[in-house]
Amino acid sequence: MVEHVSDSENDDSEEISCRFPLLDSGEKKIIFQEAKKTTTGKYDNKKHSCLFCEKVLANMARHYTLVHFNEPRVAKILILPKKSKERRQLWEKLVNNGDFEHNYSVIEKGHGVIIPKYRTESSESVVLKDYVPCFHCKGMYKKTDLWKHTSQCSVGSKTLHSEKQNHVKLGRLLFPSTCANKHFQEKVLSVMKDDEIKSVIVSDKRIIDFGSRMFEKHGKDEHKNIYISQKLRKLGRLVKCSKNQSLNSVDELLCTNNWDTLIKCVKEVAGYSEESHTFTTPSLALKLGHSLQKSANLLKSEGLKENDDYKIKTAESFLSLYENDWTDAISSQALSSLHDKKYNKPLLMPLVEDVKKLNCYLEKEARRLCSDADPCLYNELAQVCLAQIILFNRRRSGEAERMTLSAYKETLATGSGKPDEVVLSTLNEFERTLCHSHLRVEIKGKRGRKVPVLFTKTMKESIDILISMREKANVTQPYLFSRPGSFTKPFRGTDCIRRFSKKAGLQDPNSINSTKLRKQLATLAQVLNLSETSQDILATFQGHNIRVHREFYRLPENALQVAKVSKLLHCINNGTIQKYRGKDFDEIDVIDTGIYNSYVITIQGHFNC
């Protein structure tokens, strides 16, 4: 990299009065200013853009002094002693601001020459996505080098330098917005990975509109910003693939005369094999269909607002074709691939001994940390308490980690977690004892459902100590398990469970996660032979309806099916089924029928052979 900036006010070099090339030309391209050598072998002076008249000159300090000396910002600099540090810093700040305004205009128009802080001899390999302005001084730096600059930036305050911040993310906020929703730009687009797919997304109006609508719907839940970003990137991957077929936007893909090309691109992105008729990623193909359908509806809405018959007709034609052909072309094969992958797939449930061992380990750690009550141990205690709540309640890790401090305190203050006396009178003594010793806090679960979280007496004591540490540990976020400092997100429940599972020395730590723990609860509950009412209570506690509970959360049933159904099959095949008329599976005793002895003899004979 080469940098030579002439800011001397006494430089006698000729002032060049010209507009920056390409800004007014017909070529639609963004390039970077290069460092070129003169005939003498030296590098030419770097040119900057004037903040006031927008002229591009080699000696900006001299230009400001001679032409704009009556501007307040220039006059403030001129009264300072020459060659002083403060004067030099203010000149640099003014020059950076002029370059930034110029660069902003270039990016907004989509063509022109970017003025970077440091030039290269050749700009052929330099791309805009690799550069980002400093949030404090506005200089355009390589994003890989920005951390070095921000550590010594003269404009940023010392407190900003000391705090851990994502300076690349802050710098992106200074770029021209690609959408009207500033919060969507800041929380979704600005934090998205800079790559070719993002370039496709920000240049496609339909994808941006699709993302803005999703953000309006889910923006209240900050954790769903990643979900929105993933949906956009799926469409971006599809458009990136379609560009090889000369289709450069989602709107072009929605034209019915491009239907066959669209199907081809969806299959290519989802990894479709013509030989086996299966998808490598069948869920991606299905989700792309949903996104395209939503995009067509957005196009239709836009056409209705603008009274544009072409847009309305295009959207309606696509939706009609989608309804008729999408199932045969994509959905049926994708669903088949999805189901085939699940056949005979081993699902390892947590071992009961491992769960018991992990529970004992967490209780021991909680006692140790609470006995010290040192604010320095806040991080450790918060993660232990979070893991305990997930393990005891079989709660989804995301739901538990996003529990708010206000919800917990409100339950304590109002006593809303205590059961009604009339209800207590219908319970037995042990159940009444549990109601008095456990605290019930309601939180927001999946799909906005209200789900309960139970705290044992020892858990509640640990949480109270954790809350007392918050102020000294510099915890300001609203979550019960917030991280100290400027972190906006709480501790991740999945990470806590994984970490403590390894520390506890379990036999199979990889089998311990919130999803498998929930399935273990539902599967082992079958041993109790629960009534319909009891199953409804359990399903509601887990945060889903009874159909989902029976279809997805009672797996694996292999042991129960082999143990119980095989008894029925043996009785039928041996003609003894009439003995057990009106009885349940558990009441069938195959030993009485002689089936057991004959089966054991058969197995022994098999192994002897």
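Residue indices begin at 1 and follow the sequence shown. As the structure is a computational prediction, the values presented were derived from the model and not from experiment.
When all heavy atoms of W91 and V74 are compared, the pair lying nearest together is CH2-CG1, 4.3 Å. Considering all non-hydrogen atoms of both residues, Y479 and T488 come closest at CE1-O, 3.5 Å. Across all non-hydrogen atoms, the minimal contact from T476 to G485 is OG1-O, 4.0 Å. Here the closest non-hydrogen pair linking M60 and H48 is CE-O, 3.1 Å.
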Evaluate side-chain contact (heavy atoms from CB on, under 4.5 Å) for K143 paired with D194, printing each intermediate quantity in order. CA-CA 10 Å; K143 64 181 182 181; D194 271 331; 3.1 Å; yes
Just do the side-chain contact (heavy atoms from CB on, under 4.5 Å) check on K294 and F210 with the steps written out, would you? CA-CA 8 Å; K294 180 66 175 177; F210 177 78; 3.4 Å; yes
Given the rule in the side-chain contact (heavy atoms from CB on, under 4.5 Å) test, do L369 and V384 qualify, once you have shown the distances and angles that lead to the verdict? CA-CA 9 Å; L369 295 169; V384 169; 3.9 Å; yes
Apply side-chain contact (heavy atoms from CB on, under 4.5 Å) to K193 and K198, showing your working. CA-CA 7 Å; K193 180 182 178 182; K198 182 180 178 179; over 6 Å; no
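Qualifying side-chain hydrogen bond (donor to acceptor under 3.5 Å, both in side chains) partners for Y64, counting only residues two or more places apart in sequence or in other chains: none. Not counting sequence neighbours, the partners of K234 by the side chain to side chain contact (heavy atoms under 4.5 Å, CB included) test are Q230, L284, K287, L288. Taking the salt bridge (Lys or Arg N to Asp or Glu O under 4.0 Å) definition, one finds that D130 meets it with nothing, sequence neighbours left out. With sequence neighbours left out, the salt bridge (Lys or Arg N to Asp or Glu O under 4.0 Å) criterion links R499 to E380. Evaluation of the side-chain hydrogen bond (donor to acceptor under 3.5 Å, both in side chains) rule for E306 yields K311 as partners, not counting sequence neighbours. Under the side-chain hydrogen bond (donor to acceptor under 3.5 Å, both in side chains) criterion, R492 pairs with D495, not counting sequence neighbours. By the side chain to side chain contact (heavy atoms under 4.5 Å, CB included) test, N379 is found to be paired with Q383, P484, F491, residues two or more places apart in sequence or in another chain being considered. By the side chain to side chain contact (heavy atoms under 4.5 Å, CB included) test, L90 is found to be paired with I77, L80, E86, residues two or more places apart in sequence or in another chain being considered. With sequence neighbours excluded, the residues satisfying side-chain hydrogen bond (donor to acceptor under 3.5 Å, both in side chains) with H223 are R402. Checked against side chain to side chain contact (heavy atoms under 4.5 Å, CB included), S317 has the following partners two or more places apart in sequence or in another chain: T256, K313.
The backbone N or O of L78 sits less than 3.5 Å from a side-chain atom of R87, completing a donor-acceptor pair. Judged by distance alone, with hydrogens and angles left aside, the side-chain atoms of S242 form no donor-acceptor pair with the main-chain N or O of Q245 at under 3.5 Å. Remark: the backbone N or O of S212 is not paired with any side-chain donor or acceptor of K217 at under 3.5 angstrom. Using modelled atom types, one side-chain atom of Y322 and one backbone atom of G289 make a donor-acceptor pair closer than 3.5 Å.
Between N96 and K117, the side chains place a donor N or O and an acceptor N or O closer than 3.5 Å (distance only, hydrogens not considered).
Sequence neighbours left out, the pairs with a member in residues 464-474 that pass salt bridge (Lys or Arg N to Asp or Glu O under 4.0 Å) are K460-D464. Sequence neighbours left out, not one pair with a member in residues 66-81 passes salt bridge (Lys or Arg N to Asp or Glu O under 4.0 Å).
Salt bridge status for D145 with K142: absent, with no side-chain N to carboxylate O gap under 4.0 Å.
Side-chain contact between C385 and F481: present, with at least one pair of heavy atoms (C-beta onward) separated by less than 4.5 Å.
Applying the 6.0 Å contact sphere to CD of E196 captures no more than 12 heavy atoms from other residues, nucleotides or ligands.
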